[in-house]
Amino acid sequence: MKIWTTEHIFSHPWETVVQAVWQKYPNPMNPAVVGVDVVDRRVTKGVLKTHRLISTKWGLPSSVTKVLGADRMFYASEHSVVDPVKKSMILMSKNITFCKEVSIVEKMTYSPHPSKEDCTIVKQKAEVTIHGIPLSSYLEGFITGKISVNSSKGKQGMEWVITKINKDVQELTSKTVKSMDDLVHLSGEPLTNFSFRK
Amino acid sequence: MVVINMNSIGEECNKLKHEYDTCFNKWFAEKFLKGESNDECVSLFKKYQDCVKKAIEAQKIDLWELEKDVLGTEQEQKPNPKKRSDGKT
């Protein structure tokens, strides 16, 4: 078995980062992920529990896919828990494809940084076990190497999504401000004279 | 605002998925994270979920289920693969 761990800090509040987790795909840094489906989702005692199926293409070269007829698909099952009061998001995924030969279990936790304001710390752990086929140590090292590369791309993908989310929020705020300005201009009254219905 | 949506495993479920995802992302940000846990997207989810389950069955994918609902608790343990009807995993 090979274990790989990493930690990363996002310079964004926890609430923004966990939104980005749901909207992570598609992004230009992780083109291999071709499908994300929510199999089950429910809120239990204020906590959101989700089960997702992630579909990834192997990215085989075209010379191989021509022979096979298509690229091969890799499926993983992911369970997650979001607690908005504790500000905690935990995800655990396991491969479905090749699960008899290879076990790839990944766990990620997102929490507010303990000392840096408006920052989020993400901890990632992967356990890779190969059984029943030769060169197990070599393959375990190879897979954890791939996980490491994908993890870096994943962080870049998250930053890309967060930028998109913040831009959408900014655009919406600008539109609202402009609408308010237009309203004040048309009426000739200062904003403080308006009362809003509750 | 340009929205690029992720696809479903079943192409026939894409429209239902996009409608549900739009509802969920809005609810999650504006309600759930602020403490309102009443899921407003339940009916959209049901339609989407029915479609996805059929697509998963059609593609013969064996979903892994956590044996105990312990993720995030002190009893969290490494999940085991789902046992098949012949007793093998």
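Proteins come first, then strands; the chains are lettered A, B, ... in the order of their sequence lines, and each starts at number 1.
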Below 4.5 Å, heavy atoms only, C-beta onward: do [X] and [Y] meet side chain to side chain?
| X | Y | value |
| --- | --- | --- |
| I61(B) | I96(A) | yes |
| N25(B) | Q19(A) | no |
| L33(B) | W14(A) | yes |
| F24(B) | L48(A) | yes |
| V39(A) | Q49(B) | no |

How far apart are the C-alpha atoms of I9(B) and Y75(A), what are their side-chain angles, what is the distance that settles it, and do they pass the side chain to side chain contact (heavy atoms under 4.5 Å, CB included) test?
CA-CA 10 Å; I9(B) 191 174; Y75(A) 299 108; 3.6 Å; yes

Please test Q23(A) against F28(B) for side chain to side chain contact (heavy atoms under 4.5 Å, CB included), starting from the C-alpha separation and ending with a verdict.
CA-CA 11 Å; Q23(A) 301 179 51; F28(B) 184 77; over 6 Å; no

Identify whether [X] and [Y] are in the same connected component of the hydrophobic contact network (ILVMFWY, side-chain heavy atoms under 4.5 Å).
| X | Y | result |
| --- | --- | --- |
| V102(A) | W4(A) | yes |
| F98(A) | V128(A) | yes |
| Y25(A) | V149(A) | no |
| I104(A) | F142(A) | yes |
| I130(A) | Y138(A) | yes |

Contact origin within Q59(B) toward chain A - heavy atom pairs under 4.5 Å:
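It is the side chain, since no backbone atom gets that close.
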
Please classify the contact between F32(B) and chain A as side chain, backbone, both or neither, with a heavy-atom cut-off of under 4.5 Å.
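For F32(B), the contact with chain A is made by backbone and side chain together.
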
When rounded to the nearest 0.5 angstrom, what is the spacing between CD in E15(A) and NZ in K34(B)?
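So the gap between those two atoms works out to 9.5 Å.
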
Roughly how far, to the nearest 0.5 Å, is the NZ atom of K53(B) from the CG atom of L53(A)?
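So the gap between those two atoms works out to 12.0 Å.
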
Shorter than 4.5 Å, heavy atoms on both sides: which option in V38(A), N27(A), V34(A) has the most such pairs with chain B?
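So the answer, after comparing V38(A), N27(A), V34(A), is V38(A).
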
Where does [X] contact chain B at under 4.5 Å (heavy atoms): side chain, backbone, both or neither?
| X | result |
| --- | --- |
| V82(A) | both |
| V43(A) | side chain |
| D40(A) | both |
| R41(A) | both |

Do you know which of C13(B), A29(B), G35(B), G10(B) has the most heavy-atom pairs under 4.5 Å to chain A?
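Sorted descending by pairs with chain A, the first entry is A29(B).
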
Picking from N14(B), N7(B), N38(B), D39(B), which has the most non-hydrogen pairs under 4.5 angstrom with chain A?
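Option with the top pair count is N7(B).
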
Minimal non-hydrogen separation, G46(A) against S37(B), with atom names:
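Between these two residues, the closest heavy atoms are CA-CB, 4.1 Å.
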
Between D37(A) and K17(B), what is the shortest heavy-atom contact and its length?
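The pair with the smallest heavy-atom distance is OD1-CD, 3.9 Å.
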
Counting only heavy atoms not in K155(A), do more than 12 sit closer than 6.0 Å to its NZ atom?
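Yes.
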
